[in-house]
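Quick note: numbers below take in every heavy atom, side chains included, and nothing from hydrogens, waters or symmetry partners.
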Amino acid sequence: MSDQATTMRRADGLPRVCFLGYRQLTRLVRPVLADYVDRARVEVAEGAFDDAVAIASKRIAQGEVDAFLSAGANASILRQRLDAPVATIEVEGFDVLEAMIRARRMTDRVGIVTYGQIDPRLDAVKGLLRMEVAQYAYRGAEDAQRHFDALRRDGFEVIIGSSLVVELAEQNGLQGLLVYSLDSVRRGIEHAIDLARAARLEAGRYEQLNGVLRTLQDAMLAVDRDHRIIAVNPPMQKALGREREALVGTSLDALVPELSLRRTLETGEEERATVRNLMSHDWVVTRAPIREHGETVGATITLYDTRLIQEADTSLRIHQRTRQTRGRYRFEDIHGSSPAFLRAIKTARRFARTDLTVLLTGESGVGKELFAQAIHAESPRSGEPFVALNCAAFPESLLESELFGYEEGAFTGSRRGGKRGLLEAAHRGTLFLDEIGDMPLPLQTRLLRVLQEREVTRLGGTAAVPIDVRIIVATHQPLQEMIAGRRFRQDLYYRINTLRLSIPPLRDRKSDIPPLMHGMVTRGLRRLGSTLRAEPALEVLAPHLLAYAWPGNVRELENIAERIAVYLLQFENENEIDLDGLTQDCPEILPEGGLSAPDDPDGLSVRIEAALRRANGNRARAAEFLGVSRATLWRWQKALESTNANPG
């Protein structure tokens with residue numbers, strides 16, 4: 001068959017059936033085919049046994065057939081040796097009876113040789129027809145020849161049987177009658193068309209699956225419900241060291257037992273992200289069922305190369321370090337109610353409405369980046385990028401390329417095509433430069449020019465790229481002292497110091513410590529799976545939390561809160577809590593004196609008196625102003641009275 005003919009037959013979308021058999025049966029089949037021209041393309045080819053297998057294999061290799069049709073031993077052999085659907089022209093009881101009636105018109109002695117097994121019901125029929133019947137069944141060509149020879153020796157001149165038997169009769173001058181009827185042929189064709197239609201649907205799914213797999217970079221294959229490979233992509237072919245033709249149709253067990261999908265087919269359960277050493281290599285393996293209408297009809301296995309995963313993880317972490325974001329924090333996410341802190345929030349909100357450069361100052365850990373993100377989120381640029389860079393986290397050469405970008409070939413190892421810097425990435429948004437006091441002097445000069453000209457030139461480039469970006473900078477360094485020591489440019493200082501906001505340290509907002517600590521410890525307990533209340537322990541610890549100077553500010557408060565949460569995790573209820581052990585876990589807030597009342601550091605008594613005056617002597621309101629319970633306020637007062645009564 002020509003390629004053009006094959007293409008035309010595929011293009012019409014009709015199921016394709018190939019009938020294979022002896023000449024006698026093909027003569028019976030051909031006249032019937034005209035009834036199916038609008039439903040299928042049926043090809044008739046003469047061939048039996050090995051010849052039939054060879055013809056069928058060629059048709060399969062060329063993709064010309066969806067299903068085969070044959071009869072008797074021929075159909076059985078094709079079904080055993082082909083990986084394709086095979087329909088059978090079955091012999092019905094009425095077919096044999098009709099053939100016997102035709103034979104009775106010729107003789108009263110008839111031999112019957114059919115495939116499979118003899119039919120004991122014919123013994124009753126032969127009496128009605130008043131004829132002698134010798135019946136045999138065969139399994140192969142040798143069986144058929146032996147039974148035929150026996151009938152011939154016994155003088156039988158009319159023999160009913162399959163096309164093989166009829167051909168033997170004709171070759172020996174005897175009368176042969178086909179056991180098949182036109183009805184049985186039609187039933188066989190109908191069955192073959194149904195199989196071909198189903199095969200086309202299945203082949204379409206497999207072709208679609210193969211098309212999807214070919215687009216994937218990870219090694220992947222799929223099997224059908226019989227554990228035979230139905231789809232495989234190039235990365236899996238490479239991993240297995242075999243071409244697709246040698247894989248598709250092969251049992252996965254016979255190929256690579258350690259990839260077996262038997263359990264997935266049996267249970268229908270998915271197995272995700274398990275690490276396995278297969279074929280002398282480490283892979284992350286995922287197995288998953290293929291379902292249709294709730295039934296598991298196949299399964300897939302995907303191999304992820306651990307080396308590529310590690311490389312991707314490294315690349316992702318590098319990207320996330322300087323990734324473009326819209327900012328996560330708003331002013332509503334920054335907690336505190338002390339007067340100094342509320343003033344800082346109010347000032348920051350006012351600054352957010354402008355487009356001017358902001359300088360955030362404050363000790364390490366006070367939350368300068370949170371303020372920067374909140375200012376961006378409440379500014380007219382809130383829908384644009386917020387890009388952050390810590391100037392102290394990079395060496396000078398890398399900081400320059402990160403900030404300004406570079407052209408291809410600017411330096412050894414530069415990325416093909418170059419890379420835009422963070423100043424370009426923040427276009428129309430906000431660039432936050434943290435720890436600007438640690439920026440090297442040469443880069444300060446370049447940054448000053450960018451701020452003046454509002455354009456940036458990449459490393460190794462000559463073209464200036466215009467940018468529209470708001471700058472927010474932060475530092476814990478004394479910039480004016482650094483200017484005096486010639487470690488920071490004075491002109492850059494005046495450029496970034498347009499709006500200045502000083503964020504107060506935690507020791508200047510003591511009333512915020514108890515509620516902040518409560519929230520952090522509670523979240524820590526819930527994260528660890530504990531439902532324990534934090535209040536009882538924190539009320540006892542409150543004097544010590546307020547007495548501590550918190551040099552690390554909110555960042556240190558978070559660390560201590562995590563330690564307290566982990567310590568409390570050992571207790572199942574509040575009555576069991578024993579805080580003496582915290583002297584080991586939190587020596588900063590509980591030194592050797594343990595839980596004994598601290599002296600009156602930082603004017604605790606003064607703060608209590610101020611709260612009482614503000615509340616007009618109302619203890620409940622005074623406790624609220626201090627961020628503690630009324631019972632805690634009472635204990636503080638008693639502890640201070642005891643300390644004053646026993647100063648030595």
For this session: Start with the C-alpha distance between Y180 and D95, add both sets of side-chain angles, then the distance that settles side-chain contact (heavy atoms from CB on, under 4.5 Å), and finish with yes or no.
Result: CA-CA 6 Å; Y180 305 105; D95 296 335; 5.7 Å; no

Problem set entry | Side chain proximity check, R242 to L255, heavy atoms < 4.5 angstrom | yes

For this session: Would you check if R228 and V223 make a side-chain contact, meaning some heavy-atom pair closer than 4.5 Å?
Result: no

Problem set entry | salt_bridge(R146, D149) N-O dist < 4.0 Å | no

For this session: Among L195, T88, V17, I60, find the residue that satisfies the side chain to side chain contact (heavy atoms under 4.5 Å, CB included) test when tested with F68.
Result: I60

Exercise. What distance separates D218 CG from N233 CG, expressed to the nearest 0.5 Å?
Worked result: 8.5 Å

Exercise. Less than 4.0 Å between a side-chain N and a carboxylate O, is that true for D66 and R41?
Worked result: no

For this session: Indicate the atoms forming the closest heavy-atom contact of D253 with H227, along with that distance.
Result: OD1-CE1, 3.0 Å

Problem set entry | Main-chain N/O of R23 paired to T26 side chain as donor or acceptor, under 3.5 Å | yes

For this session: Inspect the contact between R458 and E424 and indicate whether a charged nitrogen and a carboxylate oxygen are less than 4.0 angstrom apart.
Result: yes

For this session: Can you see which heavy atom on A565 is nearest to which on L525, and at what distance?
Result: O-CD2, 3.5 Å

Problem set entry | Nearest-0.5 Å distance that lies between atom CG in L129 and atom CZ in R105 | 11.0 Å

For this session: Heavy atoms only: give me the nearest R272-T286 pair and the separation to one decimal.
Result: CA-OG1, 4.0 Å

Problem set entry | Note: E190-R39 ion pair, threshold 4.0 Å (strictly below) | yes

For this session: For E407 and G460, indicate whether the former's side chain and the latter's backbone hold a donor-acceptor pair under 3.5 Å.
Result: no

Exercise. Would one find more than 12 heavy atoms of other residues, nucleotides or ligands at under 6.0 Å from atom CZ of R263?
Worked result: no

For this session: Compare all side-chain heavy atoms of E400 with those of L459 and state whether any distance is below 4.5 angstrom.
Result: yes

Exercise. Would one find more than 12 heavy atoms of other residues, nucleotides or ligands at under 6.0 Å from atom CD of Q117?
Worked result: no

Exercise. For E572, does the CD atom sit with more than 12 other heavy atoms under 6.0 Å from it, leaving out its own atoms?
Worked result: no

Exercise. Side-chain contact, heavy-atom cut-off 4.5 Å: M106 with L177?
Worked result: yes

Exercise. Is R527 salt-bridged to E562, going by a charged N under 4.0 Å from an acidic O?
Worked result: yes

Exercise. Does L252 reach the side chain of L221, with side-chain heavy atoms less than 4.5 Å apart?
Worked result: yes

Seminar exercise, completed: Taken to the nearest 0.5 Å, the spacing of H427 NE2 from L422 CG works out to 15.0 Å

Exercise. Just how far is it from atom CZ of R102 to atom CG of L178, taken to the nearest 0.5 Å?
Worked result: 8.0 Å

For this session: Report yes if some heavy atom in the side chain of L151 is under 4.5 Å from a heavy atom in the side chain of H147; otherwise report no.
Result: no

For this session: Classify the angle between the aromatic ring planes of Y138 and Y115 as parallel (below 30°), tilted (30 to 60°) or perpendicular (above 60°).
Result: perpendicular

For this session: Going by the salt bridge (charged side-chain N to carboxylate O under 4.0 Å, His left out) test, name the single residue among R59, R30, R16, K58 that passes it with E43.
Result: R59

Exercise. Looking only at heavy atoms, which two atoms of V232 and Q237 are closest? And how far apart?
Worked result: O-NE2, 3.7 Å

Exercise. Considering all heavy atoms of both residues, which atom of V44 and which atom of L33 are nearest to each other, and what is their separation?
Worked result: CG2-CD1, 3.4 Å

For this session: Step through the shown structure and confirm whether more than 12 heavy atoms of other residues, nucleotides or ligands are within 6.0 Å of CD on E243.
Result: no

Problem set entry | Summary of salt bridge (charged side-chain N to carboxylate O under 4.0 Å, His left out) pairs that have at least one residue in residues 128-139, sequence neighbours excluded | R109-E132

Exercise. Tell me, do W283 and L259 make a side-chain contact under 4.5 Å, heavy atoms counted?
Worked result: no

For this session: Give a yes or no answer on whether the side chain of S163 reaches the backbone of Q24 with a donor-acceptor pair at less than 3.5 Å.
Result: no

For this session: Might you confirm whether atom CD of E157 has over 12 heavy atoms from other residues, nucleotides or ligands at distances under 6.0 Å?
Result: no

Exercise. Is it true that K419 and E402 make a salt bridge, defined as a side-chain N closer than 4.0 Å to a carboxylate O?
Worked result: yes

For this session: To the nearest 0.5 Å, tell me how far F19 CZ sits from I89 CD1.
Result: 4.5 Å

Exercise. For L168, does its backbone N or O pair with a side-chain atom of N172 as donor and acceptor, under 3.5 Å?
Worked result: yes

Problem set entry | Taking every non-hydrogen atom, the tightest pair across V110 and M131 | CG1-CE, 3.1 Å

Exercise. Rounded to the nearest 0.5 Å, how far apart are CE of M220 and OG1 of T300?
Worked result: 4.0 Å

Exercise. Quick one: does L174's side chain get under 4.5 Å of F148's, heavy atoms only?
Worked result: yes

